[in-house]
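One-based numbering, in listed order, for ligands and for the atoms of each.
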Amino acid sequence: MTTLPVALTLNAGSSSLKFSLFDISAAPAQMAIGLVENIGGQPRLKADLGDTLARVERELPPHEAADHIGALATVLDLLRAAFADAKASVVGHRVVHGGPLHAEPIVVTEPVLAELRRLSPFAPIHQPHNIAGIEAARAAFPDALQVACFDTAFHRHHPKANDVFALPREYYDRGIRRYGFHGLSYEYISGELKRIAPQIHAGRVVVAHLGNGASMCGILGGRSVASTMGFTALDGLPMGTRCGQVDPGVIFYMVQQEGRTIDEVRDIFYTKSGLLGLSGISNDMRVLEGAGVPEANEAIDYFVFRIRRELGGLAAALGGLDALVFCGGIGENSRKIRRRICDGLDWIGLELDHDRNDSNARVISTDFSRARIMVIPTNEEIVIARAAQRLLSARQDAAS
Ligand code: ADP
């Protein structure tokens, strides 16, 4: 029996493990995708196994996914049953923080893992889970190459002025910088633009990644120039439950005047704010759009206002605008939000075609719009799979 070379990609969150399986015998082709959610609680497994078993969705006994190692074991049982002739020669991991040095994906070795652990304080909500995913995969596939792909990497060429905070100089050297995140998504969109619209790719593009996490990035000639996210994935736009930009003075007030602990403040900023906090109803844009009550509308108003404001700032950083690209769950699906963002932006060269927008077309600007407006579904998994394949063949070439 021949074995099929495959890449497994893993994206480990605080209580979830997303996975994809790619055939890498040629350009990576997705064979399966899914996730285990609610790890440590009442876990659920959801998977789409392509042609083999189609869709799987079931609750798991809690002991089967009490942690990421258990969740990965469950995923592997499923994948082995569905793809008996597949052999994972490489596992690609989404890792939120690569620190100031890593502008490219990297093979995970012991020293690299130690470095990623040292970066955990920079992303305490995400990095430990990403590391748990790597450790679980190393235990399950001792012979496979492990590759880390960083959400910060795409932004590592920011000009220094876009990389600093105006804090005492030594803080920059200690790593307190505007890292930017969602880099795998921006890399995918930039690559797609190069393929389908090379002239736009060569120009000034703002990408709005609007999902549960949300950020925007100014890209010049395929390189990130500025991002709305900064030191952590908390800054910039309001998100599902994260506040986005706030005056740091609010933290002092909550601690000194309200007597809150720093952990309480962190919890408010990360999990009780954003769309959920402002509306008091939900972090889910679909729910807010359907709610029709003032609190939900106010949350949407603020979301749209911040996006329009950041668009102006990023266009200024780029010296103009050739395209605005929407992606992420909200950007790809919500016609109403796209319309509210784009209406009245002719002054910056953006003219929305409402029919194209309503039909979720790829280009949703009019033929006369000076700058193009596009919707491109993002695909972070394939960026990881391509990197995994690339580093695996480099390793094989070096060994032969
Ligand atoms: P994540 O950052 O977790 O990957 P997604 O990119 O999947 O998140 O985006 C989730 C968000 O997209 C949710 O707020 C959800 O309500 C929103 N969304 C998905 N489909 C629609 C839709 N048809 N209309 C409005 N919002 C949508």
Side-chain angles (χ1 to χ4, degrees), residues 9-20 33-39 44 46 48 94-96 123 125-126 129-130 133 149 151 180-189 192 207-217 227-229 232-244 270-292 295-304 306-307 325-342 357-361 364 375-384:
T9 69
L10 295 179
N11 179 356
S14 53
S15 62
S16 69
L17 181 69
K18 296 183 184 159
F19 64 91
S20 275
I33 186 166
L35 85 164
V36 179
E37 57 191 3
N38 218 4
I39 295 171
R44 282 187 77 76
K46 292 183 193 164
D48 187 338
R94 180 178 182 186
V95 177
V96 69
I125 308 281
H126 296 101
H129 304 294
N130 302 157
C149 301
D151 260 326
F181 297 88
H182 283 140
L184 300 174
S185 175
Y186 294 128
E187 186 178 334
Y188 177 79
I189 299 294
E192 281 298 281
V207 181
H209 177 112
L210 309 178
N212 220 348
S215 73
M216 294 166 74
C217 180
S227 159
T228 59
M229 278 181 173
T232 64
L234 196 57
D235 202 0
L237 304 178
M239 307 174 217
T241 63
R242 285 173 256 167
C243 55
Y270 272 100
T271 67
K272 297 191 168 72
S273 299
L275 296 174
L276 172 67
L278 263 181
S279 69
I281 298 172
S282 174
N283 64 327
D284 191 309
M285 185 57 87
R286 275 169 298 200
V287 174
L288 297 183
E289 282 189 346
E295 293 81 359
N297 294 340
E298 276 172 28
I300 296 175
D301 287 349
Y302 182 65
F303 185 70
V304 169
R306 289 301 313 199
I307 292 167
V325 181
F326 288 103
C327 65
I330 300 170
E332 289 165 27
N333 296 299
S334 177
R335 304 137 210 231
K336 277 194 208 156
I337 297 289
R338 290 195 304 254
R339 181 172 182 154
R340 288 202 47 194
I341 292 169
C342 294
N357 183 46
D358 287 346
S359 61
N360 271 327
I364 56 171
V375 179
I376 303 182
T378 197
N379 189 342
E380 291 151 315
E381 280 75 25
I382 197 145
V383 175
I384 301 173

Asp284-ligand 1 polar pair, N/O distance under 3.5 Å: yes

Within a distance under 4.0 Å of any heavy atom of Asn333, pick out the atoms of ligand 1 and give their elements. 19 (C), 20 (N), 21 (C), 22 (C), 23 (N)

Looking at Asp151, Asn379, Thr378, which hits side-chain hydrogen bond (donor to acceptor under 3.5 Å, both in side chains) with Ser185? Thr378

Under 3.5 Å: donor-acceptor pair, side chain of Tyr302, backbone of Gly274: no

Closest protein heavy atom (residue, atom, distance) for atom 8 (O) of ligand 1: Asn212 N, 3.1 Å

Checking Asn357 against Arg339 for the side chain to side chain donor-acceptor pair (under 3.5 Å) test, could you report, in this order, the C-alpha distance in whole Å, the side-chain angles of both residues, the deciding distance, and whether it holds? CA-CA 7 Å; Asn357 183 46; Arg339 181 172 182 154; over 6 Å; no

Just jot down the ligand 1 atoms closer than 4.0 angstrom to any heavy atom of Glu289, in number order. 24 (N), 25 (C)

Atom 27 (C) of ligand 1: which protein heavy atom is closest, and how many Å away? Arg286 CG, 3.6 Å

Using only atom types and a distance under 3.5 Å, with no angle test, would you say the side chain of Thr241 pairs donor to acceptor with the backbone of Tyr270? yes

Tell me if a side-chain donor or acceptor on Asn130 pairs with a main-chain N or O of Val96 at a distance below 3.5 Å. yes

So which heavy atom in the protein is nearest atom 11 (C) of ligand 1, and how far is it from that ligand atom? Ile330 CG1, 3.8 Å

Quick test: of every protein heavy atom, which one is nearest to atom 4 (O) of ligand 1, and how far off is it to 0.1 Å? Lys18 NZ, 4.0 Å

For ligand 1, which is the ligand I care about here, please tell me if Met285 has any N or O atom under 3.5 Å from one of the ligand's N or O atoms. yes

Any idea which atoms of ligand 1 are less than 4.0 Å away from a heavy-atom of Gly213? 2 (O)

Parallel, tilted or perpendicular: which one describes the rings of His209 and His182, with boundaries at 30° and 60°? parallel

Could you find the nearest protein heavy atom to atom 5 (P) of ligand 1 and give me its residue, atom name and distance? Gly329 N, 3.7 Å

Counting distance only, does the side-chain N/O of Arg44 pair as donor-acceptor with the main-chain N or O of Glu37 below 3.5 Å? no

